[in-house]
Amino acid sequence: MILQALTSLYEALAPKGEVPKEGWSREKISFALGIDENGDLLRITPLFKPGDMPKGKKKEEPQEMTVPAAVKRTSGAAANFLWDNSSYILGVSLKKGEDDAEREKQRNKDIKCFEACRELHHSMLDGMEYPAAKAVLNFLDKWEPQKAEENNLVAQYAKEILSGANMVFRFNGGYVHDDPQLASVWQKANAKQKDNIGQCLVTGALDEIQNTHPTIKGVQGAQSSGAALVSFNASAFCSYNKEQNQNAPVGKYAAFAYTTALNHLLKDRKNVHRIGDAAVVCWAENADKQYEDFAAEVFFGDNVDKSDEQRLSALRTSLKLLADGLPCKEMDLDPDRKFYILGLSPNAARLAVRFFYCDSFGKIAGNIYKHHERLEIVRPSYDKFPILPLWKLLSATVNPNAKDKTPNAAMAGAVARAVFSGGRYPASLLECTFLRIKAERSITRERAAIIKAYYLRNPNEKCPKEVLTVSLNENSKNIPYTLGRLFSVYEEIQQAANPGINTTIKDRYFGSAAAMPATVFPILSNLAQKHLRKLSDAQRVYLDKKVMTLKGVLGEQYPAHMSLPEQGSFDLGYYHQTQARYTKKEDK
């Protein structure tokens, strides 16, 4: 299903010219080697363009070019046609290693790479009476790798060239790989089929079955040189004496198409989203870009200007229309358009599929809309997020002082699946949230929203709907919820009696008060009475009245223990009461 969807995406992108045709690829090229018909190196031209960097900083990135498809390198020397890095084109690279023996080993490796490049080009271009072909062969025959670093042109850009920069040939005012005659040579060589013909499981057509597929680049945490999405490299994964990817027969065209489409998605950093350790990409059927842009802003909460109220209002209106199954004409969005969401996690030289979800755009928008409705809760004035994006929600489950602030990968993937599909939230989300509340003794907007949303979607009678409100429910008679409210009032009394106090009762008693109220609340009541004596008469009467009102709901005895859902009610009561207190101060 994933490979078929990506192959269809390639077929939608190809007519628009956004992806290269079969046998070609988009690669980052840093330098062009200008040569004459005798093969002499005339000049080296840098090919860089400004990159995306914050204001005041400069960054130059290599220029992207469509060149003959890169070979997959595992071991040994394998050259690319008409382009490659300095090891293959010049036979030299930075000498790695601390001693002479290691540097000599690297030097010999570079020479073998250069010889492989020369051999490839002779096999492809020998006998071709065409100036550009002769120029490339003459250059490779005349060039001496041992003297490469002594060349003045190479020395001018030695650091960049020798660090593995890719380069192409330039002859007679044009790039050699763009020459129609040489391009046809590559197309004919690439079109040759071997004896390994079988039925492709993606397209169903007879094609040359590939033992290895092109690599996927751009997944954070995976190998920078590329990782495989489909890979068999151990006998334990193989059957019926099949080797490598013969166990999952994919034709040459489909292997090229799905990897090209996925690399195209991963290259657009604005539409690559992080959920836990997963890189998430999404696309619509027929490759219409507006669906990706809308998903980036609304589904994932990326690229949103929180100060642009007009834009935020338009996005919310559009989401509601799509959730109701109506088209959004202003943004050209059709609720019936099929939409795909793919999450990929790094796994050394391979990629693991964390989740894959496919449905109509309107159905996914409806699930997202319901998710945001469940999350809606009163927010502090300093919180500028009108809705909670998924990444911010998951960050509430992570220790803010940890070096690695990535949320639990399995939990993050399960939450993403629940949000997109409208399913039940995983229990691990609630568990991680409670762990952070107990460890930090802090209930943030995100954590309160998680508790509310979890019990709305996964109902539990011990955390009833009357406490799962957006703001304070003063009419609730729920005991745990009222205890949370009372704890907040006790904290208010302490802060009024001791302005600027650093450590409050929340820092000392919050966790135990939520778990064992009968043990802790008598202590808090005594402390509150002492604090009330320090206040003015008006303050004392006002706060004492609030305490007595809540105690009237609780009765004479407190629960000895409270279960996890009851602790959720307690936390929501505390959060609602505290936010109501601050809201009233702002109103005054």
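Please read these numbers as outputs of a predicted model, since none were measured by experiment.
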- Query: Which residues pass the ring pair (Phe, Tyr, Trp, His ring centres under 6.0 Å) test with Tyr157, sequence neighbours left out?
  - Reply: Phe31
- Item | Residues which pass ring pair (Phe, Tyr, Trp, His ring centres under 6.0 Å) with Phe256, listed by chain and number, not counting sequence neighbours | Tyr10
- Query: Is the shortest distance from a Lys or Arg side-chain nitrogen in Glu61 or Lys28 to a carboxylate oxygen in the other one below 4.0 Å?
  - Reply: no
- Compute whether any side-chain donor of one residue and acceptor of the other, for Ser87 and Asp110, lie under 3.5 angstrom apart. yes
- Taking the six-membered ring for Trp and the single ring otherwise, decide whether the centroids of Phe300 and Phe420 are under 6.0 Å apart. yes
- Please name the pair of heavy atoms, one in Phe356 and one in Ala5, separated by the smallest distance, quoted to 0.1 Å. CZ-CB, 4.4 Å
- Item | Counterpart residues, salt bridge (charged side-chain N to carboxylate O under 4.0 Å, His left out), relative to Arg26 (two or more places apart) | Glu64
- Message: Quick test of your reading: applying salt bridge (Lys or Arg N to Asp or Glu O under 4.0 Å), list the pairs with at least one residue in residues 371-382, sequence neighbours left out, ordered by first then second residue.
- Response: none
- Query: Would you say the side-chain atoms of Asn151 pair up with the backbone N or O of Leu153, donor to acceptor, closer than 3.5 Å?
  - Reply: yes
- Query: Between Met167 and Asn85, is any pair of side-chain heavy atoms under 4.5 Å apart?
  - Reply: no
- Message: Tell me the closest heavy-atom pair linking Gly422 and Arg457, and the distance in Å.
- Response: O-NH2, 2.9 Å
- Query: What pair of heavy atoms forms the shortest contact from Val415 to Pro426, and how long is it?
  - Reply: CG2-CG, 3.7 Å
- Task: Heavy atoms only: give me the nearest Cys328-Ser318 pair and the separation to one decimal.
- Result: SG-OG, 3.3 Å
- Item | Residues in side-chain hydrogen bond (donor to acceptor under 3.5 Å, both in side chains) contact with Ser345, at least two apart in sequence or another chain | Asp277, Arg354
- Query: Would you call Arg311 and Glu297 a side-chain contact if the rule is heavy atoms closer than 4.5 Å?
  - Reply: yes
- Distance, nearest 0.5 Å, that separates CG of Leu388 from CD1 of Ile377: 9.5 Å
N/O donor-acceptor pairs under 3.5 Å from side chains in residues 15-24, not counting sequence neighbours:
unit_1: Lys16; atom_1: NZ; unit_2: Asn286; atom_2: O; d: 3.3
unit_1: Lys16; atom_1: NZ; unit_2: Ala287; atom_2: O; d: 3.3
unit_1: Trp24; atom_1: NE1; unit_2: Gln187; atom_2: OE1; d: 2.5

- Do Phe299 and Leu319 touch side chain to side chain, with heavy atoms closer than 4.5 Å? yes
- Query: Between Tyr258 and His213, does the ring centroid distance fall short of 6.0 Å?
  - Reply: yes
- Message: side-chain contact (heavy atoms from CB on, under 4.5 Å) for Val176 and Val168? Distances and angles first, verdict last.
- Response: CA-CA 8 Å; Val176 175; Val168 295; over 6 Å; no
- Message: I'd like to check the ring pair (Phe, Tyr, Trp, His ring centres under 6.0 Å) partners of His372; sequence neighbours left out, ordered by chain and number.
- Response: none
- Query: Are Lys252 and Asp207 within salt-bridge range, i.e. N to O under 4.0 Å?
  - Reply: no
- Note on the structure: Sequence neighbours excluded, the answer for ring pair (Phe, Tyr, Trp, His ring centres under 6.0 Å) partners of Tyr425 is His371
- Message: For the backbone of Glu160 and the side chain of Ser163, can you confirm whether one donor and one acceptor N or O come within less than 3.5 Å of each other?
- Response: yes
- Query: Got Leu47 and Ser30 here, is their nearest side-chain heavy-atom distance under 4.5 Å?
  - Reply: no
- Query: Between Asn399 and Asn401, is there a donor-acceptor pair closer than 3.5 Å when you use the side chain of the first and the backbone of the second?
  - Reply: yes
- Pairs meeting criterion side chain to side chain donor-acceptor pair (under 3.5 Å) with involvement of residues 405-418, two or more places apart: Asp404-Thr406
- Item | Partners meeting salt bridge (charged side-chain N to carboxylate O under 4.0 Å, His left out) with Asp178 (sequence neighbours left out) | none
- Query: Mind checking whether Val92 and Pro145 have side chains closer than 4.5 Å, heavy atoms only?
  - Reply: no
- Shortest non-hydrogen pair, Ala279 vs Val219, comes out as CB-CG1, 4.3 Å
- Task: Could you walk me through whether Leu82 and Asp179 pass side-chain contact (heavy atoms from CB on, under 4.5 Å), step by step?
- Result: CA-CA 11 Å; Leu82 298 179; Asp179 190 287; over 6 Å; no
- Query: Centres of the Phe169 and His177 rings: under 6.0 Å?
  - Reply: no
- Task: Determine whether Trp283 and Leu265 make a side-chain contact, defined as any pair of heavy atoms from C-beta on separated by less than 4.5 Å.
- Result: yes
- What distance do Leu162 atom CG and Leu90 atom CG have between them, rounded to the nearest 0.5 Å? 8.0 Å
- Task: Could you tell me which residues satisfy salt bridge (charged side-chain N to carboxylate O under 4.0 Å, His left out) with Lys109, sequence neighbours excluded, listed by chain and number?
- Result: none
- Task: Assess the side chains of Gln106 and Ser93: does a donor N or O sit below 3.5 Å from an acceptor N or O?
- Result: yes
- Under the salt bridge (charged side-chain N to carboxylate O under 4.0 Å, His left out) rule, collect the residues that match up with Glu440, sequence neighbours excluded. Arg436, Arg447
- Going by heavy atoms in the side chains, are Thr444 and Tyr575 under 4.5 Å from each other? no
- Query: Do you know which two heavy atoms are closest between Ala222 and Leu351, and how far apart they sit?
  - Reply: CB-CD2, 3.9 Å
- Item | Atom pair CG (Leu456) and CD1 (Ile451), whose distance is rounded to the nearest 0.5 Å | 12.0 Å
- Note on the structure: Rounded to the nearest 0.5 Å, the SG atom of Cys432 sits from the CG atom of Leu430 at a distance of 9.5 Å
- Between Glu285 and Phe339, does a side-chain contact (heavy atoms from CB on, under 4.5 Å) hold up when you go through it step by step? CA-CA 6 Å; Glu285 195 174 37; Phe339 196 71; over 6 Å; no
- One should read off an interatomic distance between Leu33 CG and Ile161 CD1, to the nearest 0.5 angstrom, of 7.0 Å
- Which value, rounded to the nearest 0.5 Å, describes the distance between Lys392 atom NZ and Leu375 atom CG? 12.5 Å
- Message: Within the structure provided, determine whether Val280 and Val272 are in side-chain contact (heavy-atom separation under 4.5 Å).
- Response: no
- Can you check ring-ring contact (aromatic ring centres under 6.0 Å, His included) on Tyr88 and Phe114, steps first, answer last? CA-CA 4 Å; Tyr88 286 88; Phe114 176 77; 9.6 Å; no
- Message: Suppose we call two aromatic rings close when their centres sit under 6.0 Å apart. Are Tyr454 and Phe434 close by that rule?
- Response: no
- Query: Does one side chain, of Asp359 or Tyr357, offer a donor that lies under 3.5 Å from an acceptor on the other?
  - Reply: yes
- Arg170 NZ/CZ over Tyr175 ring centroid, <6.0 Å and within 45° of normal: yes
- Item | Pair Asp383-Glu446, side-chain contact (heavy atoms from CB on, under 4.5 Å): steps then yes or no | CA-CA 10 Å; Asp383 193 332; Glu446 294 80 14; 4.0 Å; yes
